[in-house]
Structures are given as C-alpha cells and as structure tokens.
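In what follows, a single structure is set out as structure tokens and then discussed.
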There are 2 protein chains.
Amino acid sequence: MSEAIADDLTPAQGDLYSGPTMSRTFAKPASIADVARVAGVSVPTVSRVLTGAAKVSAERRERVQRAIVELGYRPNSAARALVSGKQTIIAVMTSDTTIYGYSATIEGIEVAAREAGFFVVISVIEFSDAAEVDRAVSLALGQPLAGIIVLKFDPAGVQILKSLPRDIPLVAVSGELDDSLSQAVLDEEAAGAEMTRYLLGLGHATVHHVSIPPSRKEDGRTIGWRKALAEAGAETPPIISASWAADSGVRIGLGLAARPDITAVFCGNDEVAMGVIAGVVDSGRRVPDDVSVVGFDDHPLSRIWRPGITTAMQDFGSLGKRAFSLLALQIEGEESPARSSERPPLVIRASAAPPPRR
Amino acid sequence: MSEAIADDLTPAQGDLYSGPTMSRTFAKPASIADVARVAGVSVPTVSRVLTGAAKVSAERRERVQRAIVELGYRPNSAARALVSGKQTIIAVMTSDTTIYGYSATIEGIEVAAREAGFFVVISVIEFSDAAEVDRAVSLALGQPLAGIIVLKFDPAGVQILKSLPRDIPLVAVSGELDDSLSQAVLDEEAAGAEMTRYLLGLGHATVHHVSIPPSRKEDGRTIGWRKALAEAGAETPPIISASWAADSGVRIGLGLAARPDITAVFCGNDEVAMGVIAGVVDSGRRVPDDVSVVGFDDHPLSRIWRPGITTAMQDFGSLGKRAFSLLALQIEGEESPARSSERPPLVIRASAAPPPRR
DNA sequence: AGTTCGCATGATAACGTTTTCAAAAGTCAG
DNA sequence: CTGACTTTTGAAAACGTTATCATGCGAACT
C-alpha cells in the first residue's frame, strides 16, 4: 500500500516545464485534489480536515495532514471565497498614510481586523477631481471586499464617501457625526471646547484658532472652539487656515508673533502647533511666556518637543478598533447605522501658561 | 421584444427575503448571467465586453453595457482570480506602520502597485516569539497573493523573512544588502559614513552613535559610522542603544549632557535625535553650541524642529516604488534576484556646528 | 437475528468567471 | 450564385473549493 501511495506523491505537473524560454517557473501549486490523491481519501474529506466542519477518523486525518505538509499545500482562497460567498478583505480608503493620526487609526483597524480573521487593504486615494476619485474607487471595488472603512478626516475622504455605492458594508471614521452612516468618531467638539475653556481659564482674553483642512465647512475642533468662546462671551477672531505641510505652521507663527495682542493659539493638530511654535520663537517671542500655543491629537513627538505641547489625547488605535467593530456588525447583517463616540482627554504640558502681564 | 426583456429585468433574488428576522438583507449581487439574460445575449459575450478580449458587435455591446449599469453589476473578482490564476494582491509585512519611514515606504509601494493594477494589503506583525510570527505569516499566506514585500528595517522584519516560504515572489526592503534575496535598499552605509565625516570635518575629535533597533547585528548607518571613524583614525566610542519609544532619546540625551567630552552625536533616526536634543537642552547645555546632534531619515518635522536637524534625506517614497518594481519583475517570471540601491544625500541644517573651544 | 439509528465517507452539484472550440452568419472573390 | 474565408456568437469545460445528499457500515436495541 505504501508503494501505491508513493507512486502518487507528486501532484499533477503537466505544465511545469511549459517551454524552454521559461528559465524559472513557480511549480503549479498543489490543489486539494492532489492532497486527496496522496492521502488516499476523497476530496471532501480533505476539505473537512481543513475546515473542521465535520468529524474525520483519526487515522484519515493523520494521513491528510501528512500529505498537506508533504506537498506544501495551501488552500486557494479565491476558490474558497467563490463558493462560500464570504469575503475576508476590508478596504481602508484614505488620502494619506503618513500623517500620524491616519496611520495610527489604520494600525488600529488592522489589529482588530486580523483578530477577527479579516485582512486590510489600503487604498490611498489622492484628492484631485471627482472623476479621478470615482475611477480609483471603482478600481478598488473590483476586489472581493467584505466592507469598507473611509477615513473622513479631510475633503478627500468626503469625496471618496460620495463616490461609494451604499450596497456594501461601510463605516466612516471622523471627528464629527453627520449623516446617516455608521460612524466611529472622536468627540472633537467637546475636546475643542474644553481646550478653549482651559486657555480662557488661564486668563487669556480670547483664543485664536489655526485650523487644518476640514472635512466639511468646519471641523469639530473649530466648532467646539467657537462655542466655548461664545459661552464665555469672548470675541471670536477670524480663523487662520493651515495646510498639512509642515512649513505652513511656521509661516503662520511668524505672522502671529507680529501681533502682540495675540496671547493664545489653539492649533488644529500637533504638527501645526510645532510649526507655529517654531515661527513664534524664530521671531524672538517666547512660548509659553509671551504666547501660549496648544495642539490636538497628542502626537508621539509632542511630549518631546520643547516646550512640551499641551494637547488633547486622541486614541487613534481605539478609534480604528471601534470602526472595525461597527463594520463587523454590518457584515453580520445588522441593519441600522451605529455610532461609537469617545471623548479625548486633555494633556497638560508646558506650551500654555497665563498671558503676560501688561 | 422589449417586453420580453422587461420581464427579465430583475436578477434572480430567490433568497432576497430569506426570513422574517432579517430586516435588511443586501440583495444578492447581479452575476454575469443576470446581465446576459437582461441584455439578451450569452454569458461569454458579456465577458468579452467586460475584458475587451474579443470583438463584439456594436449593437450587442451597447445592450450589454446598458444592462450592466441597470443592474449595478460588478464582476466577482474571486471567480476571476480562480479561473485566470492571476492574483492582484500584494502583501506588505511590517512590524509597525506609524513610524515615519515605514509609512512613507508603504505609501510609495501602494502608489506604484495601484498604477500597475495591484492592491496592497498591510500585515502588521509584531515581533514576539518565532512561533507567533509563523502563525501570523501563514494566516496572511491564506490570501491569494501575487507577491510579498517585507519591511526588513528591524528584527521583526528579519523574523518575518525567516518564516516566509520561497515559492512566492518576494522582495525585502532595508538599509543594507545581505543575502540572495531581491532587495530594494537605501545605501545607509555610505550616508552614515558621509555624515560621520561631515562631523569630523567640523573639528570634532570623535562622534558618538545612538543606534535604533537594528535588523541584524549592526545596521548600515552604524557600519558607515564605524568605517568613517576608522578611516579618520578617530577613537570608536561604545554604541548607545535607543528604542523606538520617543522618551528613550530624552533619557540618553540627559546622560550624554553629563559628559563634557562628548561634542558630537550621530543618531539612528530623526525622532531619536529630537529626543536627544530635548534631553541635552533640558540639562542646560546648548545644541549645537555645546553639543552637535544629527539624525537620519529627514523626518518632515526635522526642518521645523529648533534647531533644524541636520540629517540624511531618505527618499522612502522612491524606495517603496523600487521595491514594487523588483517584485513586478519576479511576478512576470524573472529568475535572478535583482537589487536597487540609492544613496541618501545629506541635509545640512542647524543642529551641528564646530565643537566648543576649550 | 433483524431492524433501526448514527456516523464517517464519497459522489456530485454549485459558486461566477474566462477559455476553448465549434457553429452560425456574414463577406468577398470568382 | 457558389465556395472559401473571416467574423461574431454561444455551448461547454475548467478553475479549486465547500455544501448537499445519498450510501455503506457498524453499533445498539428489540
């Protein structure tokens, strides 16, 4: 008997040497049929061993497992996906992966997805015109996707969301709740308001705001800032817009430093705050003695920066995990859009202080 | 005739309402057979319109395209992959996505892959024990992968590489060439040596080195540093090891500042350099007046840091693109391992200066 | 001992495409 | 008007897996 098996050890390799020009051909991978033949059992039995869906006698299971390692067999997941109809890939669509908040969120999604047996594909979709986004999106939709998570932190994310069909599980991640979608959010509005109140509480007459590119007219941080100022009866100065580029904060800081009436600046994120601080310091004023500058996100370098940056701690890892949970709910057939919100706590460091006495 | 078609407009939906408990069921997606039925043509004809593989009369093509938009048909890529045997997913395996160099490389890979019609899945595999890595790797291998790119910047990457079978297209990305694999590298050794020579040229007696977790015994930056010191006949001080954690640099900086004989420090990357600078400044010494501190990578925040950090510019985006090109070569059946190397240029900013006069 | 039950097993269908291959329908030249 | 092409079309097979169903076998019960 062992001889009969030995005869069959090699899988079908008819096309292994398909021509003299192919110098190195990856051998055609073993299929479940090859395993069955080598193990001397039927195809479904191998499948049962693989999936554990039904009982198989110890002796046969043993034979199958030996055949599997011998042939280096790996299941073809395309065939699996086709027959089971179940997809295991989750697409994350975003305009950028190098910004800290973005990559940290993606890593959170990835970890949660992997634990649940899903894989994450990243689609970086830059914002150009709507047609371009459409094209990129439909390309991604060509994949066998179980669901999609969109990082809606900026205008590109909004555009992506617009291009997406609604017949597939979908979750948006952002800083503010809006439409009827399933959303994982960090409550930026509350945190922005708290940060503003903190600065006012230090004695500043008002707080200036440097905003990052918002996903809609105004992001949650800005709204919270505006509300807190209104509550306190403080004047609302015009918003200063920064870009994602590192230098943009520096230029703004330079401009801010020229105005001695400005004593407190709330920046849309920590990177911008670092730039603003650099600009202010470059023009000879001190932070926080002359001007207080605070950020948002708690970037890993914020605690290292000198002065350490007072900020709101966004737990992007948890945000990503919550986004995945919401998506998993939909994949399982849950009907109604769900929301998950968390409120970022303040992290007090050294970059904010009472205003200078005049 | 139009009526006959109208009767058939809806795709098969037998299981659309599969039970009273399912309140919202995603309709079973239209298949190519549904499209064929609605358009009144055969299944292969629809396929031909889709792939453009053969000519179809204008009138039928028109009918098919109308049916496609009407049904919102999207091809099932699992079925496609199954029959064609071609895979379109590339896995990037890495231990981290939030470190700047890592995420920038991944973005470069992603952009190049998308242009070539591939998708990128990210596998974050933390380094614990070898068995754990094995498990994570074989899980990822369950996907229908066209190829794999491993970010071999650290010990985790090395372990991942060890767990990977060699019967699948594979490229490693790192800072130094070693074994027979296809590799995309940045020539860290040359850049490390150049940086060290630069510091010696400013008049420093020797240069201390703070290293980040290396992928093997010593990374390219360290080797270049060692060689340049030897060339110049300078003493080689013991290496100081930092971790990826932001604080670790600060602690090291504190220690370094206590030793007045140390005037030049070459850090393994910019984040660590920022930490070291913070630590040095915290203990009352000045950078670069008392101590010169330089980094590596050209992190986007390095130009904003005060003082601006002198560093070596690593083009991670191009690194990622080169890695993908190498992989594409293998996927097309190229036999021999290929290499691609690039040399990072120095970026002179303000954090290094001649040593203080004694 | 005969019948029924439970369980392991294998044959076969199904999933949604693309790829042959053969047939049908034109098209052109003689 | 016929024969030989070329082009367009459809039928059927194939891809590798899981799901369904029937079968055979031994054990347990009457």
Side-chain angles (χ1 to χ4, degrees), chain A residues 11-15 18 27-64 67-68 71-88 117 141-146, chain B residues 11-15 18 27-64 67-68 71-88 141-145:
Chain A
Q13 302 187 322
D15 54 355
S18 48
K28 183 172 184 173
S31 78
I32 200 170
D34 297 320
V35 174
R37 189 148 28 82
V38 172
V41 301
S42 73
V43 167
T45 298
V46 177
S47 174
R48 283 187 269 261
V49 171
L50 253 27
T51 61
K55 282 185 185 167
V56 175
S57 69
E59 182 250 345
R60 276 160 194 262
R61 186 194 346 270
E62 171 68 17
R63 284 221 306 271
V64 168
I68 286 175
L71 297 176
Y73 167 78
R74 264 180 276 125
N76 177 325
S77 53
R80 268 193 176 164
L82 177 59
V83 63
S84 72
K86 295 216 173 96
Q87 313 296 8
T88 59
L141 251 22
Q143 290 304 110
L145 300 180
Chain B
Q13 301 187 323
D15 54 355
S18 48
K28 182 170 185 177
S31 77
I32 199 169
D34 296 320
V35 174
R37 189 148 28 81
V38 171
V41 301
S42 73
V43 166
T45 297
V46 177
S47 173
R48 283 187 270 261
V49 171
L50 252 28
T51 61
K55 282 186 186 168
V56 174
S57 68
E59 182 250 345
R60 275 160 194 260
R61 189 198 340 274
E62 170 68 16
R63 285 220 305 270
V64 168
I68 287 175
L71 297 176
Y73 167 77
R74 264 181 276 122
N76 177 325
S77 52
R80 269 195 174 164
L82 177 58
V83 63
S84 73
K86 294 219 171 93
Q87 314 295 7
T88 59
L141 251 22
Q143 292 303 108
L145 300 180

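A, B, ... follow the sequence lines: proteins, then strands. Residue 1 opens every chain.
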- Query: Checking side-chain contact (heavy atoms from CB on, under 4.5 Å) for the pair A/V41/A/V56: CA distance, chi angles, key distance, verdict?
  - Reply: CA-CA 11 Å; A/V41 301; A/V56 175; over 6 Å; no

- Message: Taking side-chain hydrogen bond (donor to acceptor under 3.5 Å, both in side chains) as the definition, give me every residue that meets it alongside B/S42, ordered by chain and number, with sequence neighbours left out.
- Response: B/T45

Side-chain donor/acceptor pairs under 3.5 Å, residues 71-79 of chain A, sequence neighbours excluded:
residue	atom	partner	partner atom	Å
A/R74	NH2	B/D167	OD1	3.1
A/R74	NH2	B/D167	OD2	3.3
A/N76	OD1	A/A78	N	2.8
A/N76	OD1	A/A79	N	3.0
A/S77	OG	B/G142	O	2.9

- Task: Sort and list the pairs that fulfil salt bridge (charged side-chain N to carboxylate O under 4.0 Å, His left out) and have at least one residue in residues 44-54 of chain B, not counting sequence neighbours.
- Result: none

- List the protein contact pattern of nucleotides 10-19 of chain D with one symbol per nucleotide (5' to 3'): B for base contact, S for sugar-phosphate-only contact, - for none; contact means a heavy-atom distance under 4.0 Å. BBB--BBBBB

- Query: Which heavy-atom pair separates A/A81 from A/Q87 by the least distance, and what is that distance?
  - Reply: CB-OE1, 3.8 Å

- Looking at residues at least two apart in the chain, or sitting in another chain, which of them share a side-chain hydrogen bond (donor to acceptor under 3.5 Å, both in side chains) with B/T88? A/Q143

- Which two nucleotides bound the region of DNA chain C that has atoms under 4.0 Å from heavy atoms of chain B, read 5' to 3'? C/dG16 to C/dT19

- Item | Closest heavy-atom pair and its distance - B/V38, B/A67 | CG1-CB, 3.8 Å

